[in-house]
Amino acid sequence: MNSKNIVINPILELTGVGIEFPTAKGSFKALTDVNLKIEKGEMISLIGHSGCGKSTVLNIVAGLLQATEGGAVLEGKEVNEPGPERAVVFQNHSLLPWLTAYENVELAVKTVFDKSKSKAEMKEWIEHNLNLVHMGHAIDKRPDEISGGMKQRVGIARALAMEPKILLMDEPFGALDALTRAHLQDSVMEIQKDLGNTIIMITHDVDEAVLLSDRIVMMTNGPSATVGEILKIDLERPRSRIEMADDPKYNHYRQQVLSFLYEKQRKVEPLTKPTRGKISAAKEIA
Amino acid sequence: MKNKFTSLPNGLFNRGGSITDDVMPVWMQETIKAIMLPVAGLLFFLLIWGTVAQNIDTSLGKFPGPSQAFQQFKSLMTEHNNEREKEVAFYQRQEDRNVDRLAQDPNFQVKVRRYTGKPTFIDQTFTSLVTVLTGFILASIIAIPFGIMIGLSKNLYAAANPIIQLFKPVSPLAWLPLVTMVVSAVYTSDDPLFAKSFVTSVITVLVCSIWPTVINTAVGTASINQDLLNVSKVLRLKPMTHVFKVVIPSSIPMVFTGLRLSLGIAWMVLIAAEMLAQNPGLGKFVWDEFQNGSSNSLGRIMVAVLVIGMIGFLLDRMMLMLQRVFSWDKQAILR
């Protein structure tokens, strides 16, 4: 069924990636035999239950974790340390709280374009990127002076400003409310249309995955998690969330992801004892 | 004309509740609280002090109460002023004499002799302050970089930890003889910039007060948010940029906690060191008064106790103000 997922000229290639963590009770195998090829300009979502190792895959690509088996190759070069060509947008924005929005982006720009850009060019580039995420009005605000969604926008601006070959987003909108999330999703789609970034995004949100992605990589449950299925999303761009809601094709994709998550990879977690509920129920009866 | 107090609205008194309930704005109530409660606490303390003091008889007379202490404070101030007048007079006399002699003999080499009066209470206080700040600043200059270093490296921390834990609880009194002997042996210059006693006190203060800053800086540095460390890694920040842009701002609150603890310890240590080593300062003042044993001595020592406490408090407030200036998180409640 993966025949339609043939990628001819991948920018990023994961081959037989596995990782083991040493623990007190012996080693724990989190990932095994993850294979994935990503084309330039593609938007990929990684979806799966929590604890399935989505973040681990992303961290291996970012270079923050080292695979114990196999490896990741970006444009013919093996990834073995973090670097700005694989910029990360972290879940909780991770802006330096003592720097303003401008200074946060500046820190990235200064390290990446240390020699290639003049001071004036840097300033222009920083402002350009902040405007791109519609944060031009809050350039001199510190993270604690702006909302969660705005912080995440600055986080995205910082990542974009590094001109990464691939943009890694670790549940970028997970901590935001639904309306803010929708706004940011639209922003990301817009930016990706204009700049043609290659993006890997981790998400828990089925709608988000279907709406944004070219392909959805669905992961099996851990331990020894791996790629379960890859779903190609063949929907016209630009996609509008309102039209999509009524699109049978969209709903079909949605159904496929849901079926993977809740039928094939149903996660059986032991429910915590509902003691409190029982007591209050008993009281009500009494 | 009517007294304005009688023309207050009746509403003020027409119910049993407190007056402040419906008339005073909230800020005024808060201000009154903020002033009255500490004042009430102080008055209560003075009352207890006064009553208890009356009932304690020592070989030097009754234990000094608040009023005796205040008397002694005034007399210490008078002594200080008298001493200053004498000093001014001394220099004036000397200058007059030199002018006279120059007039008689143009080849006369003018010599200016320093006034060698006994240091007053204020002089001693001032000496103590200079000594404690010197020791504390030197300790901080060593402690902060050292703390950052051991905070950044787990291995270095593991290596340094036993030394820190070993020396942290050592009392200044144990160090003092060693420091005194070492300073006497090593610090031998014909024209010393600082007095030996000053160097001894400074080193003792340094050795004892360095640890809280080291430990707190190390903990602050080691507990930086993992996400921020990841940001630094992804950006491939140079080590120095990493330290100055990420590590130091992030550990500033802990560094200041350490600095405040260190300054408090430095001040306590200094008084003990001065007392034992006969280094000039407030500690020596207390010791001299104790040896002097006049009927005023206990009162004077009580003044010294209060002044020592007051200065310790002011030093801590000073650090708090510095912390407010340096802290990036202006919303944080600092106390």
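Here the structure is a predicted model, which means the values were calculated and not measured.
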Interchain contact, A:Asn59 with chain B, by part (heavy-atom threshold 4.5 Å): neither

Considering non-hydrogen atoms only, spot the tightest contact between A:Ala161 and A:Val109 and give its length. CB-CG2, 3.7 Å

Go through the steps for B:Thr131 and B:Asn279 under the test side chain to side chain contact (heavy atoms under 4.5 Å, CB included), then give the verdict. CA-CA 10 Å; B:Thr131 317; B:Asn279 299 324; over 6 Å; no

Output the residues of residues 68-88 of chain A for which the shortest heavy-atom distance to chain B is under 4.5 Å, in residue-number order; output 'none' if no such residue exists. A:Glu81, A:Pro82, A:Gly83, A:Pro84, A:Glu85, A:Arg86, A:Ala87, A:Val88

Highest number of heavy-atom pairs under 4.5 Å with chain B among A:Ala108, A:Ala159, A:Ser94 belongs to A:Ser94

Under 4.5 Å heavy-atom distance to chain A, tell me which part of B:Ser250 shows up: side chain, backbone, both or neither. both

Heavy atoms, side chains only, cut-off 4.5 Å: are A:Lys123 and A:Lys119 in contact? no

Heavy-atom cut-off 4.5 Å, strictly under: side chain, backbone, both or neither for A:Asp114 against chain B? side chain

Going through the checks in order, is the side chain to side chain contact (heavy atoms under 4.5 Å, CB included) test met by B:Asp316 and B:Trp267? CA-CA 10 Å; B:Asp316 190 60; B:Trp267 185 235; over 6 Å; no

Verdict with reasoning, A:Val57 to A:Ile200, per side chain to side chain contact (heavy atoms under 4.5 Å, CB included): CA-CA 10 Å; A:Val57 174; A:Ile200 302 181; over 6 Å; no

Close side-chain approach of B:Asp227 and A:Gln91, heavy atoms under 4.5 Å: no

Between A:Trp125 and A:Phe113, how do the two ring planes meet: parallel, tilted or perpendicular, split at 30° and 60°? perpendicular

Check whether more than 12 heavy atoms from other residues, nucleotides or ligands sit under 6.0 Å from atom NE2 of A:His183, and answer yes or no. no

